[in-house]
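Just below is one structure, and these are the notes that go with it.
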Number of protein chains: 2
Amino acid sequence: MKNKEIQELRIKDYFIQATKDILKSEGIKAISVRNISDKAGYSYATLYNYFKDVNDLIFLCVSDFQAECLTFVKKQTKGIPNGREKIKALALSYINYFLEYPGIFELFYISRVGDFNNKQSIISLIDKSLDSVCESDWNYCVSHNQIEMENLEFFKSQLKLSTVGLLLFYLNRLTPPSYSEFISHANKQTDDLLGLIFGKQGAVEDNGSKNPQVQNSFISINIK
Amino acid sequence: MKNKEIQELRIKDYFIQATKDILKSEGIKAISVRNISDKAGYSYATLYNYFKDVNDLIFLCVSDFQAECLTFVKKQTKGIPNGREKIKALALSYINYFLEYPGIFELFYISRVGDFNNKQSIISLIDKSLDSVCESDWNYCVSHNQIEMENLEFFKSQLKLSTVGLLLFYLNRLTPPSYSEFISHANKQTDDLLGLIFGKQGAVEDNGSKNPQVQNSFISINIK
DNA sequence: TAAAAATATTAACAATGTTAATTATATTTG
DNA sequence: CAAATATAATTAACATTGTTAATATTTTTA
C-alpha cells in the first residue's frame, strides 16, 4: 500500500503546483476549480477526490510560499550587518517579495478563505511570517542591549502591523498612488519606526543613500 | 425636468440603502445584485438602469459609513480630555466601530472592488478615514508642544497602519484567537505606540483601568 | 481473463453578474 | 380623452462559478 500513498501525494502535488503557479502569476482572482484542474491535467471534479474543497488546496500553498519568501529575503539582504539596519533591510525586502507576487499577499493577508476551523497552524504561520524572517536579528539587538527584552513583543508586533499595513494600502487601495511614492514612503516609515524603537541610538542620516543594497533591490523590481 | 432628477435620486437611494443594510448586517459576502434589488423592491436588472455595475453602487456607501463612524467615535469618546488619552480613545473607538460592523471594514480595507479608475476621491476618503477622526487632537498635541510638527505625518501614518493592521489580523485571520485577547492586545499595542510617540511624557500607568470609558465601550459590544 | 475496487469524467444544479429582448407604465401630443 | 411616443421595469438568456451525483474508465485482485 506504499505505492498508493506515493502516487496520491504525487497527484496532490500536481494540483498544488498548478495552484501555486496561478497564485504567483495571476493572483487569486484567476483561481477556479476548472482553471487549476486544467493546469494539473485533470478534469475539474477530480480535484474533489484529493481535496475537500478549493480552499483546502489554496491553504496548502502557504507554507511553501513562506519558505520561498524567507529565501528571497535572506538572499536580498545578505551582507548587511546585524542589528537595526538589517531589520530595516529585512522588512523592506519582505515588502519587495509581496510587491513581486501580489497574489501571495492576497493569500496571506486578504483572502477570506473558508472557515479557519482546522487551519490554526496555517493562520499561525502567517501571523509569525515576518517575525520568523527577523527573528535572529531581534535576538541580536536584545543581546547587544540595543533594545530591552520587555519591549520586544511590542516592537515585533508594531513592525509587523506597519509592514503589512503599508502593503495593504498600496496593493489593495493604491495608496500612495505610484510605485515610487510607495517605495519612498515605505522607506521613510520603516526607518522612522526603527528610529523610534531604537531611540535614535545608532541612527543613520536620512540622506536616501544609506542603504544602497535594499534601495537597489527596490529599483530592480517592477510591478505592473 | 427637475422632478425627473428628484425621482431618479430617490430610486438610487433605495438601492443604496438596501446595499448599506446588507453590508452592515451580513457583510460583503451577502451582497448580490439580486439580493440588493429584492430589498430595494425592484427586479435585478433595474439596478443597471441606475448604476454602471454593482461595484459602483457599493462604493457609494463609503462616505455614508465614514460619516456614521465619525459620529460613533465622537459619541463614544465624549468627555475625554484632549491630547494623548483622547487619541488613544479615538483609535480604540474606531476599532470598536469596525468590530461592530465587520462588513464595513471589509468594504473600506479589504474588498477588491473593480478598478479604481475614477474612484480616487473614495480611495482618498478611506485613506484619511482615521486621520479625519483624530485630526483636531493631533493639532492640539502639536500646538501644546507635546509632539513635533515635523514628525506629525509619520505619527499619523503609524497609528493608521497599526490600527488597521490590528483589525486586519483579527477580523481576517482571527489573530489573536479570542475577542478578549484581541481587546487586550489592541489596548496595549495602541498605548505602547503612543508611549513611543509621546516619549513617555504624560504616560499613564498600565494598570488596565486608566481609561474606563473606552474600556467599557469595548465590553458593551459583542461580535459573533 | 473476469470480477471488484479505485479513480476519473461528464452531466447537472444552483447561484452569480450582466446584456438583450420584451412588456408595462408614464408622458406628450392631437 | 385617446393615440403615439418615450421611459422605466421585467423576464429571458448567457456565461461562469463551486460542488455533487451518475457514469465511464482504469487498475487491482482472484
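Basis for what follows: all heavy atoms, side chains included, without hydrogens, waters or symmetry-related copies. Chain naming here is simple, since letters A, B, ... match the order of the sequence lines and numbering starts at 1 in each.
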- For the pair B:Y170 and B:Y179, name the ring-plane relationship: parallel under 30°, tilted 30 to 60°, perpendicular over 60°.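 The rings of B:Y170 and B:Y179 sit tilted, inter-plane angle from 30° to 60°.
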- Assign the ring pair A:F169 / B:Y109 to parallel, tilted or perpendicular, where the plane angle (0 to 90°) is split at 30° and 60°.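 Answer is perpendicular, since the angle exceeds 60°.
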- About how many Å separate OG1 of B:T71 and NZ of B:K75, when rounded to the nearest 0.5 Å?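 If we round to the nearest 0.5 Å, B:K75:NZ and B:T71:OG1 are 10.0 Å apart.
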Hey, are [Y] and [X] close enough side-chain-wise for a donor-acceptor pair under 3.5 Å?
{"X": "A:S124", "Y": "A:K128", "result": "yes"}
{"X": "B:Y97", "Y": "B:Q76", "result": "no"}
{"X": "A:E106", "Y": "A:S111", "result": "no"}

- How does protein contact run along nucleotides 16-21 of chain C, one letter per nucleotide 5' to 3', with B for base contact, S for sugar-phosphate only, - for none, heavy atoms under 4.0 Å? SBBB--
- Summarise protein proximity over nucleotides 22-27 of chain D in one line of letters, 5' to 3': B for base, S for sugar-phosphate only, - for none, counting protein heavy atoms closer than 4.0 Å. ------
Taking any heavy-atom pair under 4.0 Å as a contact, classify [X]: base, sugar-phosphate, or nothing.
{"X": "B:F51", "result": "nothing"}
{"X": "A:I11", "result": "sugar-phosphate"}
{"X": "A:L47", "result": "nothing"}

Grab the [atom1]-[atom2] distance between [X] and [N] for me, whole Å please.
{"X": "B:Y42", "N": "D:dT7", "atom1": "OH", "atom2": "P", "value": "17 Å"}
{"X": "A:N49", "N": "D:dG18", "atom1": "CG", "atom2": "P", "value": "17 Å"}
{"X": "B:R10", "N": "D:dA8", "atom1": "CZ", "atom2": "C1'", "value": "16 Å"}
{"X": "A:K29", "N": "D:dG18", "atom1": "NZ", "atom2": "P", "value": "15 Å"}
{"X": "B:Y50", "N": "D:dT7", "atom1": "OH", "atom2": "P", "value": "12 Å"}
{"X": "A:I36", "N": "D:dT19", "atom1": "CD1", "atom2": "P", "value": "10 Å"}
{"X": "A:Q7", "N": "C:dA8", "atom1": "CD", "atom2": "C1'", "value": "14 Å"}

- Query: Is the centre of the B:F108 ring less than 6.0 Å from the centre of the B:F98 ring?
  - Reply: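 They qualify: ring centres under 6.0 Å apart.
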- Between D:dT10, C:dT9, D:dA8, which nucleotide has the shortest distance from any of its atoms to the side chain of B:S43?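 The closest nucleotide is D:dT10.
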- Indicate whether OP1 or OP2 belonging to C:dT9 is found under 4.0 Å from a side-chain N or O atom of A:T46.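 Answer is yes, contact under 4.0 Å.
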- Message: Let's go through B:Y44 and B:S32 carefully: what are the C-alpha distance in whole Å and the side-chain angles of both, what is the deciding distance for side-chain hydrogen bond (donor to acceptor under 3.5 Å, both in side chains) to 0.1 Å, and is it a yes or a no?
- Response: CA-CA 9 Å; B:Y44 48 88; B:S32 80; over 6 Å; no
- Message: Strictly by salt bridge (charged side-chain N to carboxylate O under 4.0 Å, His left out), give each pair with a member in residues 152-164 of chain B just once, sequence neighbours left out.
- Response: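 Non-adjacent pairs meeting salt bridge (charged side-chain N to carboxylate O under 4.0 Å, His left out): B:D127-B:K160, B:E153-B:K156.
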